[in-house]
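Just so it is clear, the values below take in all heavy atoms, side chains as well, and ignore hydrogens, waters and symmetry mates. Note that the structure is predicted; figures quoted are calculated from it, not measured.
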Amino acid sequence: MLKHVEREDISLALTRRAGSGRPLLIVPGVMADAASWQPVVDALDVAGSVYVLNRRGRRPSSALGPGYSLRTEIEDLGHVLEVIAAEEGARQGVDLFGWSFGGLVALETAAQNLRYVHSLTLYEPVVRPFGDQVLDALREADAAGDLDRAVEIVNRDLSGFSAQYVARLRESDTWEVLRPLAAPLLHELTALNEHPADLGAFGALDLPVTLLLGSENEGTVPYGDAFARFASALPRAHVTVMPEQGHLAHAQDPVGLAGHMTEALARAVHQRGTEPCPG
């Protein structure tokens with residue numbers, strides 16, 4: 001089921017798996033959309049409705065728009081949270097999940113909207129400086145309208161995948177899915193690197209937080225070192241290391257990732273009981 005949330009002059013589209021109980025909202029990162037996360041949604045063992053947000057720049061949501069920044073994403077998500085909480089009658093809040101770029105957006109939004117958030121789960125969130133070394137190459141690709149080059153840059157020069165991996169990816173059906181998702185990439189990474197996130201301010205966040213890390217990224221650049229900064233800033237968070245996983249568990253092991261997400265939600269219920277969200 002597809003749902004649209006209107007904010008000012010833009011439309012944000014979400015997929016919704018209907019349920020009865022506390023809703024879960026998933027916020028993907030760059031190079032992903034709601035369809036990318038559908039296998040995880042299908043595998044989740046939760047009673048409530050499950051939403052996945054198509055952030056700006058992903059059809060059928062609106063384009064990024066003028067003045068786009070990470071603050072734009074935070075305000076979008078805050079509005080979506082408010083709408084879901086109202087429509088679902090979620091007095092005990094919404095469980096919020098964010099991956100990568102979406103993890104930082106989810107964290108910033110949760111801190112400003114505690115009355116709507118029951119728990120927060122972050123899978124390898126990122127924060128500046130991140131990917132700044134590829135911005136010049138992405139600007140050249142963007143100016144040339146070369147989406148193939150943008151997909152190559154994010155996989156080879158940012159994520160560090162091998163040339164052989166990218167060659168196989170280029171020959172697969174997935175490549176055509178990734179090309180349109182690369183269109184907003186330059187502007188998203190620019191916004192991330194311009195956003196003055198103060199991670200230390202989140203240490204006293206009063207809600208259950210789980211941090212998910214793929215074991216293959218532990219202590220490595222770029223995802224493991226970014227994760228370590230979040231883990232240090234959120235000392236009360238529960239840290240789960242997912243064996244034999246990297247940054248793409250939603251694509252490579254959706255059933256396993258869904259299991260870790262379900263465990264995080266169960267911990268949150270145990271921690272908070274049935275108390276309403278603050279505020």
- Item | Salt-bridge criterion met for Asp142 and Arg139 (N-O under 4.0 Å) | no

- Does Ala204 offer a backbone N or O that forms a donor-acceptor pair with the side chain of Arg236 under 3.5 Å? yes

- CG (Leu178) and OG1 (Thr174) are apart, to the nearest 0.5 Å, by 6.5 Å

- Those residues at least two apart in sequence (or on a different chain) that pass side-chain contact (heavy atoms from CB on, under 4.5 Å) with Asn54 are Ala13, Asp33, Ala34, Arg58, Pro60, Ser61

- Message: Check this for me, if you would: do Arg16 and Glu88 make a salt bridge, where the nitrogen-to-carboxylate-oxygen distance has to be below 4.0 angstrom?
- Response: yes

- Please round to the nearest 0.5 Å and tell me the distance separating atom CD of Glu263 and atom CG of Asp45. 11.0 Å

- Task: Measure from the side-chain N and O atoms of Asp253 to the backbone N and O of Ala249, and report whether any donor-acceptor pair falls under 3.5 Å.
- Result: no

- Checking side-chain contact (heavy atoms from CB on, under 4.5 Å) for the pair Asp42/Leu44: CA distance, chi angles, key distance, verdict? CA-CA 6 Å; Asp42 293 340; Leu44 280 166; over 6 Å; no

- Query: Does the side chain of Met31 come within less than 4.5 Å of Leu248's, by heavy atoms?
  - Reply: no

- Item | Transitive ILVMFWY side-chain link Val239 to Leu212, under 4.5 Å | yes

- Between Gly246 and Tyr123, the two heavy atoms sitting closest are O-OH, 2.6 Å

- Between Gly57 and Pro184, which heavy-atom pair has the shortest distance, and what is it? O-CG, 4.0 Å

- Out of curiosity, does Leu147 fall in the hydrophobic cluster containing Leu189 (side-chain heavy atoms, cut-off under 4.5 Å, transitive links)? no

- Task: Not counting sequence neighbours, which residues clear side-chain contact (heavy atoms from CB on, under 4.5 Å) with Glu176? List them please.
- Result: Arg179

- Query: Is there side-chain contact between Leu53 and Ile26, with at least one heavy-atom pair below 4.5 Å?
  - Reply: no

- Under 4.0 Å between a Lys/Arg side-chain N and an Asp/Glu carboxylate O for Glu152 and Arg149? yes

Table please: side-chain donor-acceptor pairs of residues 96-104 below 3.5 Å, with sequence neighbours left out.
{"residue": "Trp99", "atom": "NE1", "partner": "His247", "partner atom": "O", "Å": "3.0"}
{"residue": "Ser100", "atom": "OG", "partner": "His247", "partner atom": "NE2", "Å": "2.9"}

- Between the side chain of Arg17 and the main-chain N/O of Tyr51, is any donor-acceptor distance below 3.5 Å? no

- Task: Among residues two or more places apart or on two chains, list those pairs meeting ring pair (Phe, Tyr, Trp, His ring centres under 6.0 Å) that have a residue in residues 144-184.
- Result: Phe161-Tyr165

- Over all heavy atoms of both residues, which pair between Gly19 and Ser49 is shortest? Give the atoms and the distance, please. N-OG, 3.1 Å

- Message: Working to the nearest 0.5 angstrom, can you tell me the gap between Leu186 CG and Glu140 CD?
- Response: 11.0 Å

- Message: Could you check whether any side-chain N or O of Ser172 sits under 3.5 Å from a backbone N or O of Leu169, counting only pairs where one atom can act as donor and the other as acceptor?
- Response: yes

- Flag the pair His79 / Leu12 as yes when at least one side-chain heavy-atom distance between them is below 4.5 Å, and no otherwise. no

- What's the spacing between Asp146 CG and Ile153 CD1 if we round to 0.5 Å? 8.0 Å

- Message: Can you confirm whether the side chains of His195 and Glu108 place a donor and an acceptor under 3.5 Å from each other?
- Response: yes

- Is a donor on one side and an acceptor on the other found under 3.5 Å between the side chain of Thr109 and the backbone of Val105? yes

- Query: Using a distance-only test with no angle check, is there a side-chain donor-acceptor pair under 3.5 angstrom linking Asp95 and Ser119?
  - Reply: yes

- Between Leu2, Val50, Leu25, which is the residue that forms a side-chain contact (heavy atoms from CB on, under 4.5 Å) with Leu14? Leu25

- Task: With side-chain contact (heavy atoms from CB on, under 4.5 Å) as the test, would you mind laying out the steps for Leu120 and Leu205 before giving the verdict?
- Result: CA-CA 10 Å; Leu120 180 64; Leu205 203 59; 4.2 Å; yes

- Message: Test side-chain contact (heavy atoms from CB on, under 4.5 Å) on His118 and Leu207; report intermediate values, then the result.
- Response: CA-CA 7 Å; His118 177 262; Leu207 79 166; over 6 Å; no

- Working for side-chain contact (heavy atoms from CB on, under 4.5 Å), residues Leu265 and Val46: CA-CA 9 Å; Leu265 299 181; Val46 296; 3.6 Å; yes

- Query: Would you say His270 and Arg267 make side-chain contact, with heavy atoms under 4.5 Å?
  - Reply: no

- Message: With heavy-atom distances below 4.5 Å as the criterion, would you say the side chains of Leu192 and Val126 are in contact?
- Response: yes

- Query: Do Val117 and Val94 have side chains that get closer than 4.5 Å, going by heavy atoms?
  - Reply: no

- Roughly how far, to the nearest 0.5 Å, is CZ of Phe230 from CG of Leu107? 6.0 Å

- To the nearest 0.5 Å, how far apart are OG1 in Thr72 and NE2 in His187? 12.5 Å

- Task: Tell me, please, which residues at least two apart from Arg7 pass side chain to side chain donor-acceptor pair (under 3.5 Å).
- Result: Asp76

Run the side-chain donor-acceptor check on residues 219-229: report pairs under 3.5 Å with partners two or more places apart or on a different chain.
{"residue": "Thr220", "atom": "OG1", "partner": "Asn217", "partner atom": "O", "Å": "2.9"}
{"residue": "Tyr223", "atom": "OH", "partner": "Ser159", "partner atom": "OG", "Å": "2.8"}
{"residue": "Arg229", "atom": "NH1", "partner": "Arg128", "partner atom": "O", "Å": "2.8"}

- Note on the structure: All heavy atoms of Ala251 vs all of Pro254, minimum pair found to be O-CD, 4.0 Å

- Message: Hydrogens and angles aside, do His4 and Ser11 bring a side-chain donor and acceptor to less than 3.5 Å of each other?
- Response: yes

- Message: Please check this pair: side chain of Glu218 against backbone of Leu213, looking for a donor-acceptor N/O pair closer than 3.5 Å.
- Response: no

- Task: Decide whether Ser215 and Glu244 meet the rule of one side-chain donor and one side-chain acceptor closer than 3.5 Å.
- Result: no

- Do Leu211 and Glu124 have side chains that get closer than 4.5 Å, going by heavy atoms? no

- Using a 4.5 Å cut-off on heavy atoms from C-beta on, say whether the side chain of Thr210 contacts that of His260. no

- Message: Show, in sequence, the C-alpha distance, side-chain angles and deciding distance for Arg55 and Glu73, and conclude whether the salt bridge (Lys or Arg N to Asp or Glu O under 4.0 Å) test is met.
- Response: CA-CA 8 Å; Arg55 295 188 296 99; Glu73 298 276 7; 2.6 Å; yes

